[in-house]
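What follows is a single structure, written as structure tokens, with notes after it.
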Amino acid sequence: MTIRPILVSTVALIAGSAAWAADPDLLVFDYSGFEIPAFHADYAEKYGQEPSFTFFGDEEEALQKLRSGFGTDVSHICAGSVTKWIESGILEPWDTSRITAWEHINADLKGTDVADTGAEVYFVPTDFGSTAIAYNTDDVPAEDVASLDVFKNPEYAGRVTLPDNVDDAFALAYLATGTTNWSTVTDAQFDAAVAWLREVHPNLRTYWTDPAELAQLLASGEVLVSWAWNETLPTMVDQGFPVGFQREAKEGSSLWVCGYVDLKDGPGSEQKAYDFLNATLAPSSTKALLDAGYGQANAKAMAAIGNEALTAIGLGPIDVPVLAQLPMPGELREKQSAAFEKIKAGF
């Protein structure tokens, strides 16, 4: 997946790969925006300084840089990239006995598909968000968004939008066609999802590329219904916009998940790598992540926030199928990417 933190700030485009001078014993490879001290407050409290950060624009760029010999200790990636990064041979497994919150990580986020290769854990989830139907409650009745088929509804022709993001688009299409686990997708299930996206394509106004664009499309009235990330909900509420966020369409909704991997032969301190990971998963970081629109993978810490507050940002409990955007076979990911590009081009 193209990770959501790319949208936190444009600083990544300016900073490039320039490291933030801080603790020389830990270098974190990340998206700009995750260097915020409150996201890992316990680390500075323990060591008296922040980790050093260096930034990338997307995960493919990061992987190529690491393959070329760039040395870093830990890196932030999303679940969709995990399989490719493991296969590249640049990672080493985490020792879960050293991860304080391991037993409290949301089971939907750390299932064997996302965390394990055999008995080894290469990826530890830290942050997540939901993807569901955002809609204008003044112009779209609730019954129309009770099903994901709203995206095919001719009454909204030219007034709906999907993200220009292959993972989110296929999560929607799989759910709409009855598949809730994409790690075991059959050829028939893939074909059904492709056919559904192809049917939806003529109904779309556009494919949105970032939340600011989506907010503008909704606010202007150009778009009434969107497949959107949960951050759209509090953003539009703050603007006084009549927004609904339907996560309980009968077919379900989706979760995306990101976390950290441990780089083989990292130049810094392995202990500090674990301390950074533990700080990111600590209850002291939960509210800061939520304030930025991210859920924290520590389910125990999230539960302490309360369902009402979580629902207000689109992360509350729901009672429908959930497709977690976990790692998938590399071949399937390539097929999805190729099919999505063709569909967007009208083929």
Donor-acceptor contacts under 3.5 Å from residues 338-347 side chains, at least two apart:
residue : atom : partner : partner atom : Å
Glu341  : OE2  : Lys344  : NZ           : 3.1
Lys344  : NZ   : Asp164  : OD1          : 2.5

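- No option in Phe245, Trp208, Phe128 other than Trp208 meets the ring pair (Phe, Tyr, Trp, His ring centres under 6.0 Å) test with Trp229.
- Under the rule for a salt bridge (Lys or Arg N to Asp or Glu O under 4.0 Å), Glu213 has no partner lying at least two apart in sequence or in another chain.
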Test side-chain hydrogen bond (donor to acceptor under 3.5 Å, both in side chains) on Tyr47 and Asp275; report intermediate values, then the result. CA-CA 10 Å; Tyr47 292 108; Asp275 288 333; 2.3 Å; yes
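- Every salt bridge (Lys or Arg N to Asp or Glu O under 4.0 Å) that Lys152 has, sequence neighbours left out, goes to Asp149, Glu199.
- For the pair Asn203/Phe151, no side-chain contact is recorded, criterion being any heavy-atom separation below 4.5 Å from C-beta on.
- In this structure, Lys65 is not positioned above the aromatic face of Phe56 in the sense of NZ or CZ being under 6.0 Å from the six-membered ring centre and within 45° of the axis.
- Applying the salt bridge (Lys or Arg N to Asp or Glu O under 4.0 Å) rule to Arg205 yields the partners Glu222; only residues at least two apart in sequence or on another chain are considered.
- For Asp42, the salt bridge (Lys or Arg N to Asp or Glu O under 4.0 Å) criterion is met by no residue, not counting sequence neighbours.
- Proximity of a side-chain donor or acceptor of Thr161 to a complementary backbone N or O of Thr206 within less than 3.5 Å is detected.
- Counting heavy atoms from C-beta on, the side chains of Leu289 and Thr126 never come closer than 4.5 Å.
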Salt bridge (charged side-chain N to carboxylate O under 4.0 Å, His left out) evaluation trace for Glu59 with Lys84: CA-CA 10 Å; Glu59 292 161 28; Lys84 188 172 184 178; over 6 Å; no
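- Contacts classified as salt bridge (Lys or Arg N to Asp or Glu O under 4.0 Å) and involving residues 311-329 (residues at least two apart or in different chains) are not found.
- Judged as a side chain to side chain contact (heavy atoms under 4.5 Å, CB included), and not counting sequence neighbours, the contacts of Ala192 are Thr177.
- Remark: aromatic rings of Phe34 and Tyr294 are close, center separation under 6.0 Å.
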Trace of the side chain to side chain contact (heavy atoms under 4.5 Å, CB included) decision for Leu162 with Leu197: CA-CA 10 Å; Leu162 300 185; Leu197 286 172; 4.1 Å; yes
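- Annotation: side chain to side chain contact (heavy atoms under 4.5 Å, CB included) contacts of Ala171 (sequence neighbours excluded): Trp182, Ser254, Leu323, Gln325.
- Side chains of His40 and Glu50: a donor-acceptor N/O pair is present below 3.5 angstrom, by distance only.
- Side chains of Asp30 and Tyr260: a donor-acceptor N/O pair is present below 3.5 angstrom, by distance only.
- Sequence neighbours left out, the pairs with a member in residues 187-197 that pass salt bridge (Lys or Arg N to Asp or Glu O under 4.0 Å) are Asp187-Lys335.
- When Asp73, Leu27, Ile90 are each tested for a side chain to side chain contact (heavy atoms under 4.5 Å, CB included) with Leu263, only one passes: Ile90.
- No side-chain heavy atom of Val243 sits less than 4.5 Å from a side-chain heavy atom of Tyr135.
- Within a 6.0 Å sphere centred on CD of Gln64, heavy atoms belonging to other residues, nucleotides or ligands number more than 12.
- Asn136 pairs by the side chain to side chain contact (heavy atoms under 4.5 Å, CB included) definition with Asp138, Asp139, Leu224, Phe241, Pro242, not counting sequence neighbours.
- Using a 4.5 Å heavy-atom threshold, the side chains of Thr280 and Ser285 count as separate.
- Side-chain contact between Tyr174 and Thr180: absent, with no pair of heavy atoms (C-beta onward) separated by less than 4.5 Å.
- The side chain to side chain contact (heavy atoms under 4.5 Å, CB included) test applied to Asp262 returns Val74, Glu92, Trp94, Glu270, not counting sequence neighbours.
- A 4.5 Å side-chain heavy-atom check between Ser183 and Leu326 finds every atom pair outside the cut-off.
- Judged by distance alone, the side chains of Tyr122 and Glu120 do bring a donor and an acceptor atom under 3.5 Å apart.
- Panel note: side chain Gln336, backbone Arg333; no donor-acceptor pair is recorded below 3.5 Å.
- Aromatic ring centroids of Phe55 and Tyr31 lie 6.0 Å or more apart.
- Around atom CD of Gln271, more than 12 heavy atoms belonging to other residues, nucleotides or ligands sit under 6.0 Å away.
- Note on residues 296-309: pairs passing side chain to side chain donor-acceptor pair (under 3.5 Å), not counting sequence neighbours, are Thr286-Gln296.
- Val185 has its side chain within reach of Leu332: a pair of non-hydrogen atoms, C-beta onward, lies under 4.5 Å apart.
- Between the Thr235 side chain and the Glu231 main chain, a donor and an acceptor come within less than 3.5 Å of each other.
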